[in-house]
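Report on one structure; see the data block that follows.
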Amino acid sequence: MTRTVVVRVLLGLVLVVVLVLALVWVFQRRLIYLPDTTPVPSATTVLPGAEDVRLRTTDGLDLGAWFVRPAQGEPIATVLVTNGNGGNRADRAPLAAELARAGLAVLVFDYRGYGGNPGDPSEEGLALDVRAAWRFLTEDRRVPPGRILFYGESLGCAVVAELALEHPPAGLLLRSPFTELAAVGAEVYPYLPVRLLLRDRFPVKDEVARLRVPTVVVLGGRDSIVPPAQSREVAAAASARLVEIPDADHNDPVLLDGPELVEAVLSLVPR
């Protein structure tokens, strides 16, 4: 192989690498956010005692949400649920039903771009979305902040951790949290310079280390999406109580609406 051919091959490889990195940079949010964009059914057809509500963001979007009342009596607390990166709020209906049966009111909502909502998801956008949910509870429904619990699922852990810095809740439940988005990305794409390319950072560990609220971290010992070691790191940084379900994977039913999960939420209810 002549020197000219070698140079051409190397240049071709460099161009391929640059093209791949450019595509990852442009389309990275399609790899991070996996919304179910179909409109969700009416709350009353899915959850007894639920109602359809709208959340208005400060940048002018209307987001679909469900507000679920407890099965009996007045709520012992209200849970603000932030979803993971996939699906829509209909997938969280079993969780909302279990929490309602336990005496809690629940707000489940879809981020921008999910569940038929307008807009495109991003770290900045999700921060605006969850603040719209907070305002709905504290202003529209006049729930005292001292009676609100935050429940974050996977990516949603980052969303509520950031909100908690501004509006500390009565308690914080983090289900399968990662330390930061780049750490998960590096696990999934070990051959890409994820930390250099990533636009959305979601630094969960750094944020919870600054919080002083009662916190519980729930994780599955066989989580194939968020390494359990990362969730343990978050728990240590938050000085949180750790609930580890040994044989559970990321989306196993026990981590979606299982009794250990509900009990962990109830443990945070203010007395």
Side-chain angles (χ1 to χ4, degrees), residues 32-55 63-71 75 77-117 121 126 129-130 132-134 136-137 141 143 148-161 163 169 171-178 216-220 223 225-226 243 245 248-266 268:
I32 296 169
Y33 306 103
L34 306 173
D36 182 342
T37 59
T38 57
V40 297
S42 172
T44 56
T45 66
V46 179
L47 290 164
E51 63 176 301
D52 291 294
V53 298
R54 305 297 294 179
L55 312 178
L63 307 178
W66 293 339
F67 186 67
V68 188
R69 292 178 177 83
T78 298
V79 183
L80 169 55
V81 176
T82 53
N83 303 336
N85 70 326
N88 59 39
R89 66 186 181 277
D91 300 309
R92 283 77 188 181
L95 170 66
E98 290 298 327
L99 294 176
R101 273 191 282 271
L104 296 154
V106 187
L107 178 65
V108 289
F109 71 98
D110 280 318
Y111 307 125
R112 60 189 63 206
Y114 287 72
N117 285 337
L126 268 56
D129 298 346
V130 76
W134 170 262
F136 171 81
L137 290 178
R141 296 305 162 99
V143 181
I148 298 177
L149 306 176
F150 290 172
Y151 178 109
E153 170 203 315
S154 194
L155 179 75
C157 295
V159 178
V160 287
L163 176 66
L172 178 65
L173 190 292
L174 303 176
R175 202 279 273 176
S176 306
F178 48 73
V216 178
V217 170
V218 180
L219 67 104
D223 196 316
I225 294 177
V226 176
V243 177
I245 304 173
D249 200 352
H250 194 80
N251 290 314
D252 283 352
V254 69
L255 284 178
L256 300 180
D257 54 36
E260 295 92 339
L261 200 59
V262 175
E263 181 57 39
V265 176
L266 290 173
L268 292 166

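We count residues from 1, following the sequence as given.
Using a 4.5 Å heavy-atom cutoff, the side chains of Val130 and Phe150 are not in contact. Side-chain contact between Leu155 and Leu126 is present, with heavy atoms from C-beta onward closer than 4.5 Å. No side-chain heavy atom of Asn117 sits under 4.5 Å from any side-chain heavy atom of Phe109. Looking only at side-chain heavy atoms (C-beta outward), Leu107 and Val53 come within less than 4.5 Å of each other. With a 4.5 Å cut-off on side-chain heavy atoms, Asn88 and Tyr111 do not count as touching. Under the 4.5 Å side-chain criterion, counting only non-hydrogen atoms from C-beta, Arg101 is not in contact with Val262. Using a 4.5 Å heavy-atom cutoff, the side chains of Phe67 and Leu137 are in contact. In this structure, Leu255 and Arg175 have side chains that are in contact, with non-hydrogen atoms separated by less than 4.5 Å.
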Yes or no on side chain to side chain contact (heavy atoms under 4.5 Å, CB included) for Leu104 and Leu266, after CA distance, side-chain angles and deciding distance?
-> CA-CA 9 Å; Leu104 296 154; Leu266 290 173; 3.9 Å; yes
Could you give me the CA-CA distance, side-chain angles and deciding distance for Asn83 and Tyr114, then say whether side chain to side chain contact (heavy atoms under 4.5 Å, CB included) is met?
-> CA-CA 10 Å; Asn83 303 336; Tyr114 287 72; over 6 Å; no
Between Glu260 and Val254, does a side chain to side chain contact (heavy atoms under 4.5 Å, CB included) hold up when you go through it step by step?
-> CA-CA 7 Å; Glu260 295 92 339; Val254 69; 3.2 Å; yes
Derivation and outcome, side chain to side chain contact (heavy atoms under 4.5 Å, CB included), residues Val226 and His250 = CA-CA 7 Å; Val226 176; His250 194 80; 3.8 Å; yes
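The two residues Val68 and Ala96 have their closest heavy-atom pair at CG2-CB, 4.2 Å. Contact between Leu55 and Ala132 at its shortest, heavy atoms only, is CB-CB, 4.0 Å. Shortest non-hydrogen contact noted between Gly152 and Cys157 is O-SG, 3.3 Å. Contact detail for Ala90 and Trp66: the closest heavy-atom pair is CA-CH2, 3.8 Å. Residues Gly87 and Asp91 come closest through the heavy atom pair CA-OD2, 3.2 Å. Annotation for Val46 and Ala93: closest pair CG1-CB, 3.5 Å, computed over non-hydrogen atoms.
Remark: Thr78 OG1 to Leu149 CG distance equals 8.0 Å, nearest 0.5 Å. Note: Leu163 CG to Thr82 OG1 = 8.5 Å, rounded to the nearest 0.5 Å. Here the CD1 atom belonging to Ile245 is positioned 9.5 Å from the CG atom belonging to Asp252, to the nearest 0.5 angstrom. Here CZ of Arg69 is found 12.5 Å from CG of Leu47. Values are rounded to the nearest 0.5 Å. The CG atom of Leu172 lies 8.0 Å from the CG atom of Leu268; values are rounded to the nearest 0.5 Å.
Residue pairs meeting the salt bridge (Lys or Arg N to Asp or Glu O under 4.0 Å) criterion with at least one partner in residues 107-117, sequence neighbours excluded, are Asp59-Arg112, Arg89-Asp110, Arg112-Asp129.
For Tyr151, there are no ring-ring contact (aromatic ring centres under 6.0 Å, His included) partners, not counting sequence neighbours.
The closest donor-acceptor contact from the side chain of Asp52 to the backbone of Ala43 lies under 3.5 Å. Panel note: side chain Asp249, backbone Asn251; no donor-acceptor pair is recorded below 3.5 Å.
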